[in-house]
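See below for the structure under consideration.
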Amino acid sequence: MQDAGRLAWSADGDSLAVEVTRRQDYRIVFADHAAAAPPAIRGALAQALAPRVTLLADRRLPHGRIEQVRAGLLALGAECDMVAVSGDEAAKRLATAARVWAHLERSGFKRRDLLVGIGGGVVCDLAGFVAATFMRGIPYALLPTSLIAQIDGAIGGKVALDSAHAKNLIGGFHHPCLVVIARDLLDSLPPRELASGMAEATKVAVIAAPRLFAELERIGVDWQANGPTPLPLPVLRACVELKLGLLAGDPFETVCLDRELNFGHTVGHALEAATGFSTYRHGEAVAIGMTVAANLAVLLGRCAPATRQRLLEHLRRCGLPTAVPARQVAAVLGALGRIRAIRGGLLRMVIPCEIGATACIDEVDAEELRAAVADPSLPGGRRCEPASAWTLAEAGHG
Ligand SMILES: NC(=O)c1ccc[n+]([C@@H]2O[C@H](COP(=O)([O-])OP(=O)(O)OC[C@H]3O[C@@H](n4cnc5c(N)ncnc54)[C@H](O)[C@@H]3O)[C@@H](O)[C@H]2O)c1
């Protein structure tokens with residue numbers, strides 16, 4: 001629950017030193033069934049005098065699902081209305097936010113009412129952005145319905161819209177007052193979206209959790225035989241806890257913009273940008289980005305070829321791509337060159353050293369990067385050295 005915050009000041013010569021703090025505490029509830037959401041929301045509504053909820057829903061969700069949540073909210077005695085939006089990336093625009101603001105204004109939404117976002121990462125980002133900006137900030141809860149949103153998008157309080165030219169350019173930090181991770185919301189998620197989420201789960205496992213990686217490998221074997229299914233609740237929870245651990249040292253991204261969570265994202269983002277954000281699902285691009293990072297790590301002698309192979313085989317079993325297609329290599333290198341230019345000639349990348357340990361390379365050599373992007377087969381590389389001097393455990397996240 002959000003508290004009132006604190007503001008203090010003291011005289012400092014001919015100026016005043018002002019100190020403002022704001023706490024945003026909240027719960028992340030894990031449940032097998034979405035039916036658990038309304039009772040959890042009851043607490044979030046307790047502050048409201050005449051409880052009222054506006055559902056911001058992905059219109060691709062099964063109708064029955066949304067009605068189930070709505071019926072649960074009505075049973076709490078809350079008034080409940082709904083705005084439906086497309087859950088596709090194109091909805092993460094100012095025009096959609098303006099439509100939701102207008103709905104809230106027309107319907108007499110008050111500052112202690114609750115906005116509830118139910119949908120994938122797009123709807124979670126949109127709900128957070130609307131909540132951060134309407135009436136200078138209203139409470140909101142999230143019921144993420146895609147694997148990416150459950151283990152990543154709904155966690156961390158980052159809210160954003162896309163500009164006409166760039167993803168996530170317009171936004172800020174505004175934590176929800178509640179997140180309910182209900183496994184059965186994933187039942188209707190298409191297999192390709194589940195696989196995309198598996199890439200993000202794999203990312204945090206490679207960064208910090210060898211045992212989780214082994215569990216994901218077992219799940220990958222099952223997926224290969226039977227097709228993708230939602231991840232078990234303890235795995236979802238492990239991924240969320242890992243993400244929280246990785247955010248803990250710098251929750252507002254003020255210190256380090258190149259932290260471990262960017263593993264796979266530098267090249268993944270370049271690939272998404274080079275293909276107009278329409279060819280790859282986000283997790284697919286991250287899978288390719290992790291592969292390129294592993295190629296680079298082997299080239300630099302920082303990762304054993306067998307570790308790279310283990311990662312690639314797992315990704316492939318989950319139906320994820322593990323190479324930049326030859327026709328996109330030049331465009332990806334071009335996009336990476338632009339990132340390098342923006343950062344004053346330096347390109348940083350997070351590389352895997354072993355399963356459970358990564359390192360941040362501050363200055364990636366252009367030729368080594370070209371080889372890592374262009375050649376997905378096992379590169380010769382330098383002799384593998386022991387894992388990086390800088391690992392998560394040493395950074396205090398162990
Ligand atoms: N804020 C953050 O920290 C953060 C982190 C990761 C991703 N994101 C953002 O999240 C977005 C990607 O999220 P995503 O991969 O969930 O994409 P998404 O929200 O576009 O969902 C993918 C597709 O699945 C559909 N869908 C979602 N849940 C469904 C369900 N249960 N049943 C049927 N269809 C369903 C959606 O309508 C959409 O078509 C990007 O915009 C990304 O920038 C934000």
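In listed order, ligands and their atoms are each counted from 1. One is the number of the first residue; the rest follow in order along the sequence.
Atom 37 (O) of ligand 1 has its closest protein heavy atom at D58 OD2, 2.7 Å. Shortest contact from atom 33 (C) of ligand 1 to any protein heavy atom: S188 O, 3.2 Å. When hydrogens are left out, the protein atom nearest atom 29 (C) of ligand 1 is L189 CD1, 3.4 Å; that is the closest non-hydrogen contact. In terms of protein heavy-atom proximity, atom 20 (O) of ligand 1 is closest to G87 O, 2.8 Å. The single protein non-hydrogen atom nearest to atom 7 (C) of ligand 1 is I148 CG2, 4.0 Å, given as residue, atom name and distance. Among all non-hydrogen protein atoms, the one lying nearest atom 28 (N) of ligand 1 is T145 OG1, 2.8 Å. Protein heavy atom at the shortest distance from atom 39 (O) of ligand 1 is R60 NH1, 2.6 Å. What sits closest to atom 34 (N) of ligand 1 on the protein, heavy atoms only, is P190 CD, 3.9 Å.
For D125, every heavy-atom contact with ligand 1 shorter than 4.0 Å involves the side chain, none the backbone. Contact annotation: for K243 versus ligand 1, heavy atoms closer than 4.0 Å belong to the side chain alone.
Side-chain contact between T54 and D113: absent, with no pair of heavy atoms (C-beta onward) separated by less than 4.5 Å. In this structure, the side chains of T307 and C353 stay at 4.5 Å or more apart for every pair of heavy atoms. For the pair R183/H33, no side-chain contact is recorded, criterion being any heavy-atom separation below 4.5 Å from C-beta on. By the 4.5 Å heavy-atom criterion applied to side chains, L161 and R93 are not counted as neighbours. Counting only heavy atoms from C-beta outward, the side chains of C239 and L212 approach each other to under 4.5 Å. Residues V180 and L142 have side chains not in contact (no heavy-atom distance under 4.5 Å, counting atoms from C-beta outward).
No close placement of the H269 and H282 rings is indicated, their centers lying 6.0 Å or farther apart. A ring-centre distance under 6.0 Å is not found for F134 and H103. For Y140 and H174, the distance between ring centers is under 6.0 angstrom.
In the displayed structure, E313 atom CD is contacted under 6.0 Å by more than 12 heavy atoms of other residues, nucleotides or ligands.
Between G119 and ligand 1, a contact under 3.5 Å exists for no N or O pair. Considering both main-chain and side-chain atoms, V122 comes within under 3.5 Å of ligand 1 through a nitrogen or oxygen pair.
Proximity annotation for atom 38 (C) of ligand 1: of D88, N168, L61, D88 comes nearest, heavy atoms only. Of all the listed residues (H282, E193, R281), R281 holds the heavy atom that lies closest to atom 17 (O) of ligand 1.
The atoms of ligand 1 that sit less than 4.0 Å from any heavy atom of K92 are 9 (C), 40 (C), 41 (O), 42 (C), 43 (O). Listed by atom number, the atoms of ligand 1 under 4.0 Å from E89 heavy atoms are 40 (C), 41 (O). Which parts of ligand 1 touch L185 is read off a 4.0 Å heavy-atom cut-off, strictly below it: atoms 31 (N).
Salt-bridge formation is detected for the pair E241/R237: a Lys NZ or Arg NE/NH1/NH2 atom is positioned less than 4.0 Å from an Asp or Glu carboxylate oxygen.
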